[in-house]
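Below: the structure, in structure tokens.
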Amino acid sequence: MKAHQLKLYNTLTRQKEDFAPINPPFVGMYVCGPTVYGDAHLGHGRPAITFDTVNRYLTHLGYRVRYVRNITDVGHLTGDADEGEDKIAKRAKLEKLEPMEVAQQYTDTYHRDMALLNTWKPSIEPRATGHIPEQIALVEAILNEGLAYVVNGSVYFDVLAYNKKYTYGKLSGRVIEELVSGSRDLDGQGEKRNSVDFALWKNASPEHLMKWPSPWGVGFPGWHLECTAMSSKYLGTQFDIHGGGMDLLFPHHECEIAQGNACNHQDPAKFWMHNNMITINGQKMGKSLGNFITLQELFTGNHTLLDQAYSPMTIRYFILTAQYRSTLDFSNEALKAAQKGYKKIINGLRIAKQLQYSPQDDIALDTEQIQQVETSIASAYRSMDDDFNTAMAIGHLFNLLKKINSMYTGQLAPAALGKEIFIQLLETYRTFVVDILGLVEEKGDVQEGLLNLLLNQYTEAKTARNYTKVDEIRSGLKAMGILVKDMKDRIDWAYEE
RNA sequence: GGUCGCGUGGCCGAGUGGCUAGGCAGAGGUCUGCAAAACCUCGUACAGCGGUUCGAAUCCGCUCGCGACCUCCA
């Protein structure tokens, strides 16, 4: 393995920085997970795939990653201050279920969808409700620091007091004075000393469903608190990477930094990474806008905006074709192009497995070809080293794929590359596609044995020049998404793109 | 209103000063019973205007258009 200087964009400093773990070879990464009150949508897919790829690449480079992604199973408020309703409780009432049944149900569907997208499971997947004592301890610590205050059984973080010692707004680039003057006068925030203060613990009304006893009475934790509690418990008070969607940058991550500094006197994370949003017709796709498409709807094609179903791997590939910090616009056209691109990549994987190296004395090394392969390999790594530029890496993979395909069709002899480069080419291609990008063949309805039987018939018919039969088999297989390929010396097949 | 970001060929989408991104769609060619696949070749794009520079999609300014965050959201 060559030396890699991984650079990643740190939202905190707004520039790309050299990555170095606090305790090599270990890397601690915390990513904000879903609030489980509904099916996961395309917007959940993006951070999951983005940080899965980060996890995969770091692991590939030899780091030992502890990847923590939480499940938020305590609903936060749908509205402002006391007027709001717990999202999970709301769903529970609607479906006549226990809140925990709702959380369990959608945790399960989330896991199912993430597995389909071929994301690695987090090392630890803590739940907010499983860490109530830790959260209460944090509130007490912040109170002890004099950076929070209690009102009517609720505890609020005192942002102005905090800002005297630390800097509130350093992540989002917000200036406290502007926040104070710019924040709206909301009803029901009378308890707070200042509108910029945020809840650490909320007093629960009698009809509130999810609540716990605390030193300040029965209540529930504020929504920024769980991430601080769980990240510090499992990764320490300062860890390497904190990830999440850009929409969480403010106030959520800003508040995490404030809470971390208030308790531990240091920033919780060295690097903050934020994936951009998926847009639909140029507008953010999101629950609040009601324009989201769930992953299941994508997989089944069951949505008015969808022309057809798109497989999980198509979705994964689609997301990886854009740099994670760019917005990515959803459209049927783009997804169909992604589907074809993905199939092409996977067909290449099948082909690569078949290729054999055989030395040929009559074939000289082709230095130009060799150099092209070497350049593409190096470029693919350089792309990933540059803030996980999967889009660019994929571009270089297609260049490698051309070489693989050329060898497959006999237009390029493996011997022209030399054994070492030949092996390196195949190995790099497979490693990038499968290990790093996480793209795998989708076990469809292809039964290899059955297929080979049919292809034998095809070959026999062809030898007998029975073209009616040949065409019949070919069109029959095409209807099932299998392309028959008549090669010079044999018959092969591929997934239809 | 405040803060931040974006505008790339028919479509998607990389690219921060000179060196072919790539995919999809399209055209021509090689191969082939015919196809398909694959491979080769092709379009010479960077919102507009001005500036800096030997040289700009890439830096600076202005204009226009779009979006995100500021309230729960990945």
Side-chain angles (χ1 to χ4, degrees), chain A residues 14 31-35 37-38 40-51 75-81 84-85 87 169 172-175 178-179 181-184 186 223 243-252 274-279 282-289 292 317-318 321-323 325-331 333-342 344-345 347-348 351 379 383 386 389-399 401-412 462 465 467 470-471 474-475 478 483-488 492-494 496-497:
Chain A
R14 290 173 194 278
V31 176
C32 292
T35 302
Y37 67 105
H41 57 82
L42 192 50
H44 291 100
R46 191 160 196 196
I49 289 166
T50 297
F51 293 105
H76 297 291
L77 303 180
T78 53
D80 298 315
E85 202 175 358
K87 284 179 293 199
S172 57
R174 267 156 239 268
V175 182
E178 285 170 1
L179 284 172
S181 61
S183 60
R184 308 167 203 172
L186 302 168
W223 78 287
M246 251 175 201
D247 50 348
L248 296 178
L249 208 153
F250 188 89
H252 185 57
H274 291 93
N275 64 276
N276 215 319
M277 304 290 102
I278 285 177
T279 58
Q283 214 184 21
K284 188 176 114 173
M285 177 181 293
K287 275 185 181 164
S288 57
L289 295 165
F292 65 92
Y317 175 83
F318 173 65
T321 54
Q323 215 279 344
R325 286 188 288 114
S326 304
T327 54
L328 175 60
D329 199 51
F330 160 89
S331 71
E333 215 177 355
L335 278 169
K336 282 175 194 168
Q339 182 176 45
K340 291 199 173 192
Y342 158 70
K344 196 166 179 172
I345 294 260
N347 281 326
I351 286 165
S379 300
S383 304
D386 183 15
N389 195 333
T390 53
M392 205 170 175
I394 287 171
H396 294 299
L397 281 189
F398 274 107
N399 288 332
L401 179 57
K402 277 187 185 175
K403 303 302 177 200
I404 291 171
N405 281 329
S406 296
M407 288 192 284
Y408 172 63
T409 52
Q411 293 166 85
L412 172 65
K462 208 182 157 198
R465 297 186 187 279
Y467 293 121
V470 166
D471 290 342
R474 188 160 62 196
S475 60
K478 190 178 188 322
L483 288 181
V484 178
K485 297 159 71 167
D486 287 39
M487 311 288 291
K488 258 192 178 132
D492 200 5
W493 63 275
E496 189 177 19
E497 288 170 12

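Reminder, nothing fancy here: chain letters follow the sequence lines and each chain counts from 1. This is a predicted model, so every value here is computed, not measured.
- Taking the six-membered ring where tryptophan is involved, the planes of A:Y317 and A:Y342 are tilted, since the angle between them lies from 30° to 60°.
- Contact annotation for A:V175: no contact, since no heavy-atom pair falls under 4.0 Å across all strands.
- Both tests pass for A:K287 against the ring of A:Y37: distance under 6.0 Å to the centre and angle within 45° of the axis.
- In terms of polar N and O atoms assigned as donor or acceptor, the side chain of A:K488 never comes within less than 3.5 Å of the base of B:C31 in a complementary pairing.
- Between B:U58 and B:A45, the distance separating the two P atoms is 14 Å to the nearest Å.
- Here B:C11 presents its C1' atom at 16 Å from CD of A:Q339, a figure rounded to the nearest Å.
- Taking atom CD1 of residue A:I351 and atom P of nucleotide B:A38, one finds them 8 Å apart after rounding to whole Å.
- The side chain of A:W223 approaches B:C73 more closely than any other nucleotide in the set B:A68, B:C70, B:C73.
- Remark: the separation of the C1' atoms in B:C62 and B:G23 is 36 Å, to the nearest Å.
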Sub-3.5 Å pairs of nitrogen or oxygen atoms, protein against nucleotides 12-16 of chain B:
{"residue": "B:G13", "atom": "OP1", "partner": "A:D329", "partner atom": "N", "Å": "3.0"}
{"residue": "B:G13", "atom": "O2'", "partner": "A:T321", "partner atom": "O", "Å": "3.3"}
{"residue": "B:A14", "atom": "OP1", "partner": "A:Q323", "partner atom": "N", "Å": "2.8"}
{"residue": "B:A14", "atom": "OP1", "partner": "A:S326", "partner atom": "OG", "Å": "3.0"}
{"residue": "B:A14", "atom": "O3'", "partner": "A:N389", "partner atom": "ND2", "Å": "3.1"}
{"residue": "B:G15", "atom": "OP1", "partner": "A:N389", "partner atom": "ND2", "Å": "2.9"}

Using the rule given for side-chain hydrogen bond (donor to acceptor under 3.5 Å, both in side chains), can you reason through A:S331 versus A:E333, listing the C-alpha separation, both sets of side-chain angles and the distance that settles it, and then say yes or no?
CA-CA 5 Å; A:S331 71; A:E333 215 177 355; 5.3 Å; no
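- Between A:M487 atom CE and B:A35 atom P the separation is 18 Å, expressed in whole Å.
- Phosphate proximity of B:C24 to A:K344: present, with a side-chain N or O under 4.0 Å from OP1 or OP2.
- Listed candidates were B:C34, B:G23, B:C73. Nearest to the side chain of A:Y317 is B:G23.
- The base of B:C34 sits within donor-acceptor range of the side chain of A:R474, with an N or O pair under 3.5 Å.
- Nucleic acid contact class of A:G245 (heavy atoms, under 4.0 Å, all strands): sugar-phosphate only.
- Remark on RNA chain B: of its neighbouring residues A:I394 and A:N405, the 5'-side contact belongs to A:I394, judged by nearest-heavy-atom nucleotide.
- Listed nucleotides B:A74, B:C70, B:G23 differ in distance to A:F398; the shortest reach to its side chain belongs to B:G23.
- B:A25 atom P lies 12 Å from atom NZ of A:K336, rounded to whole Å.
- Side-chain proximity of A:A337 to B:A25, B:G23, B:A35: nearest is B:G23.
- Using P as the reference atom, B:A21 and B:A35 are 34 Å apart when rounded to the nearest Å.
- Straight-line distance between the P atoms of B:G55 and B:C12: roughly 33 Å, to the nearest whole Å.
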In dot-bracket form, how is RNA chain B paired, counting a Watson-Crick or G-U wobble pair only if both its distances are under 3.5 Å and using | for bases paired to another strand?
(((((((..(((.....[...))).(((((.......)))))....(((((..]....))))))))))))....
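- Across the C1' atoms, B:U30 and B:C66 are found 46 Å apart, a figure rounded to whole Å.
- Comparing A:G395 and A:G173 by the nucleotide of RNA chain B that holds the closest heavy atom to each, the one mapping nearer the 5' end is A:G173.
- Rounded to an integer number of Å, the gap from A:N347 CG to B:C39 P is 11 Å.
- Separation of the P atoms belonging to B:U16 and B:G10 is 23 Å when rounded to the nearest angstrom.
- The distance from atom CZ of A:R325 to atom P of B:C4 is 17 Å, rounded to the nearest whole Å.
- Within 4.0 Å of A:V31, counting heavy atoms only, lies no atom of the nucleic acid at all.
- Rounded to whole Å, the distance from OH on A:Y467 to P on B:A36 is 17 Å.
- Annotation: B:C34 and B:U44 have their C1' atoms spaced 36 Å apart (nearest Å).
- Phosphate contact (OP1/OP2 of B:A74, side-chain N/O of A:K287, threshold under 4.0 Å): present.
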